[in-house]
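First up is the structure itself, then whatever we jot down about it.
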Number of protein chains: 2
Amino acid sequence: MMRVEQAEAKPRPGRKRDHTRDPEILDAALDVLAETGYEGMTIDMVATRARAGKATLYRRWSSKSELVLDAVGWLKSRDLDHATLPDTGTLRGDLVAMIKAPNLRESERKLKVMAGIVSMIARSPELAAAAHEAVVEPRAAVNRIFLRRAIDRGEIPPDADVEKLSLVAPALMAYRVLMLGKPVEPEFLLWAIDHVVLPAAGVRPTT
Amino acid sequence: MMRVEQAEAKPRPGRKRDHTRDPEILDAALDVLAETGYEGMTIDMVATRARAGKATLYRRWSSKSELVLDAVGWLKSRDLDHATLPDTGTLRGDLVAMIKAPNLRESERKLKVMAGIVSMIARSPELAAAAHEAVVEPRAAVNRIFLRRAIDRGEIPPDADVEKLSLVAPALMAYRVLMLGKPVEPEFLLWAIDHVVLPAAGVRPTT
DNA sequence: CATATACGGAACTGACCAGTTCCGGATACG
DNA sequence: CGTATCCGGAACTGGTCAGTTCCGTATATG
């Protein structure tokens with residue numbers, strides 16, 4: 001049976017035998033998820049983008065929902081290393097130090113993936129939990145650290161509600177990306193920090 | 001928009017053709033949209049819930065996307081009447097006066113509908129515009145009025161960024177409903193007003 | 001080189017759904 | 001009461017997609 005010679009363009013190394021390709025497939029799934037949403041995503045799209053066969057995906061994941069669940073979990077592996085977080089001595093310094101292109105790109109990607117699955121969250125508690133752990137929690141955790149440091153320094157009142165405050169900036173970013181369709185830009189984050197987060201935290205306006 | 005028939009000016013014999021059932025059908029569409037999302041929603045679901053035939057829906061709307069577009073536009077008709085907005089004399093008073101069960105229910109419904117279509121927003125500019133006008137804009141408009149009044153009173157600095165500030169509370173609500181899956185409760189809004197919105201607006205803490 | 005393994009791809013099945021067509025019945029109006 | 005008109009419902013069509021099966025081939029190992 002003649003097989004059409006497929007366009008070579010094969011930068012891909014030889015085939016591997018274990019599950020080495022999982023990351024590529026999960027990344028492809030996340031891309032498709034962000035572009036088309038859960039319902040619009042097809043297994044074929046993911047397979048094609050990962051240069052894999054549909055059968056290969058089903059050898060590893062038993063269903064579309066399992067694949068998505070795993071892909072969202074994979075998002076979490078990109079978490080910031082808490083050991084390398086900025087520690088500038090002021091709350092504002094710490095927050096501003098987080099405004100870096102790679103961080104913004106990563107946040108935006110997470111939010112776009114989130115946009116693709118929000119409609120599923122109400123129907124799938126498992127997916128909701130995975131999304132919470134991959135998107136909401138890591139960001140909140142970093143902010144909690146900064147806020148607690150600020151309390152320890154006496155920079156903000158000790159009775160500040162760290163739990164809720166840690167979600168303010170993420171909420172503003174999510175609203176901007178998901179509801180307004182605008183990108184997250186440094187100027188926006190600077191405004192959010194100086195005019196919302198810091199006043200809300202109770203930082204005494206300096207100068 | 002784009003009704004299949006427009007016969008208002010020409011009453012004919014037979015059944016009335018004034019599209020009396022449109023509201024019920026659009027409401028049904030919004031319910032299904034909120035429950036299952038755009039892709040999960042089927043025309044049959046909407047027809048069944050509205051106790052109508054599928055053919056009836058296609059007599060009025062040429063496609064599923066037209067129906068959804070119209071339904072989202074219909075959401076806007078629930079806008080608050082600006083003439084009856086509270087005017088308590090303080091920014092906090094105005095904001096707190098908006099915390100009422102009917103308002104909260106309406107906001108939550110809008111946000112759940114929004115959850116069902118966020119993944120479409122990037123792909124359909126028309127739907128994005130309709131959603132913005134029905135969900136984002138009305139709420140922001142009310143907050144802008146309150147903020148401008150506060151500026152006129154000298155309650156907050158005249159250089160406050162009304163445009164951005166009017167989105168802070170909506171962003172917190174949206175994050176809570178869409179990302180955390182929690183309901184909008186009065187206590188949460190009170191916290192948001194007292195600990196985020198007012199400090200951000202620059203209200204002098206009053207004893 | 002021989003053999004075992006897993007991969008990509010294509011073909012297939014069954015379910016589901018948008019959109020269409022048709023019909024029997026209900027309703028207003030003359 | 002007759003008739004024009006619209007309605008709800010059911011049947012149908014065509015396309016799409018999840019999930020399965022099969023096969024030829026590339027790779028690893030000995």
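Convention: sequence-line order gives letters A, B, ...; per-chain numbering from 1.
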Base versus backbone protein contacts along nucleotides 12-19 of chain C [heavy-atom cut-off under 4.0 Å; B, S, -]: -----SBB
Donor-acceptor under 3.5 Å (Thr36(B) side chain, Val32(B) main chain):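 Indeed, once roles are kept as given, a pair shorter than 3.5 Å links the two residues.
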Salt bridge (charged side-chain N to carboxylate O under 4.0 Å, His left out) contacts touching residues 172-197 of chain B (sequence neighbours left out):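 Salt bridge (charged side-chain N to carboxylate O under 4.0 Å, His left out) check on residues 172-197 of chain B returns Arg92(B)-Asp194(B), Arg176(B)-Glu185(B).
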Salt bridge flag under 4.0 Å for residues Arg149(A) and Asp152(A):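 Here Arg149(A) does not pair with Asp152(A) in a salt bridge, since their nearest N and O are not under 4.0 Å apart.
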Side-chain N,O (Arg59(B)) to OP1/OP2 (dG9(D)) below 4.0 Å: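 No, because none of the side-chain N or O atoms of Arg59(B) sits under 4.0 Å from OP1 or OP2 of dG9(D).
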Can you tell me the distance, in whole Å, between the [atom1] atom of [X] and the [atom2] atom of [N]?
{"X": "Arg21(B)", "N": "dA26(C)", "atom1": "CZ", "atom2": "C1'", "result": "14 Å"}
{"X": "Arg60(A)", "N": "dG19(D)", "atom1": "CZ", "atom2": "P", "result": "16 Å"}
{"X": "Arg51(B)", "N": "dA10(D)", "atom1": "CZ", "atom2": "C1'", "result": "19 Å"}
{"X": "Ile25(A)", "N": "dC7(C)", "atom1": "CD1", "atom2": "C1'", "result": "10 Å"}

Within residues 114-125 of chain A, residues whose heavy atoms come under 4.0 Å of DNA chain D: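 Per residue number, the list is empty: none.
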Any pair counted as side chain to side chain donor-acceptor pair (under 3.5 Å), so long as it reaches residues 136-145 of chain A, sequence neighbours left out: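 Found Glu137(A)-Arg144(A), Arg144(A)-Glu163(A).
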Pair listing, side chain to side chain donor-acceptor pair (under 3.5 Å) test, anchored in residues 117-132 of chain A, at least two apart: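 Every side chain to side chain donor-acceptor pair (under 3.5 Å) pair that includes a residue of residues 117-132 of chain A, provided the two are not neighbours, is Glu39(A)-Arg123(A).
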Residue Ala55(B), side-chain heavy atoms: nucleotide from dG9(C), dG8(C), dG9(D) that is nearest: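 Output: dG9(D).
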Please list, one pair per line, the donor and acceptor atoms closer than 3.5 Å that link side chains of residues 100-107 of chain B to other protein atoms, with sequence neighbours excluded.
{"unit_1": "Asn103(B)", "atom_1": "ND2", "unit_2": "Met98(B)", "atom_2": "O", "d": "3.0"}
{"unit_1": "Ser107(B)", "atom_1": "OG", "unit_2": "Asn103(B)", "atom_2": "O", "d": "3.1"}

Asp27(A) and Trp74(A) side chains, donor-acceptor separation under 3.5 Å: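 Distance-only check passes for Trp74(A) and Asp27(A).
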Over-ring placement of Lys64(A) relative to Tyr58(A), 6.0 Å and 45° cut-offs: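 Because its charged atom misses either the 6.0 Å distance or the 45° angle limit, Lys64(A) does not stack over Tyr58(A).
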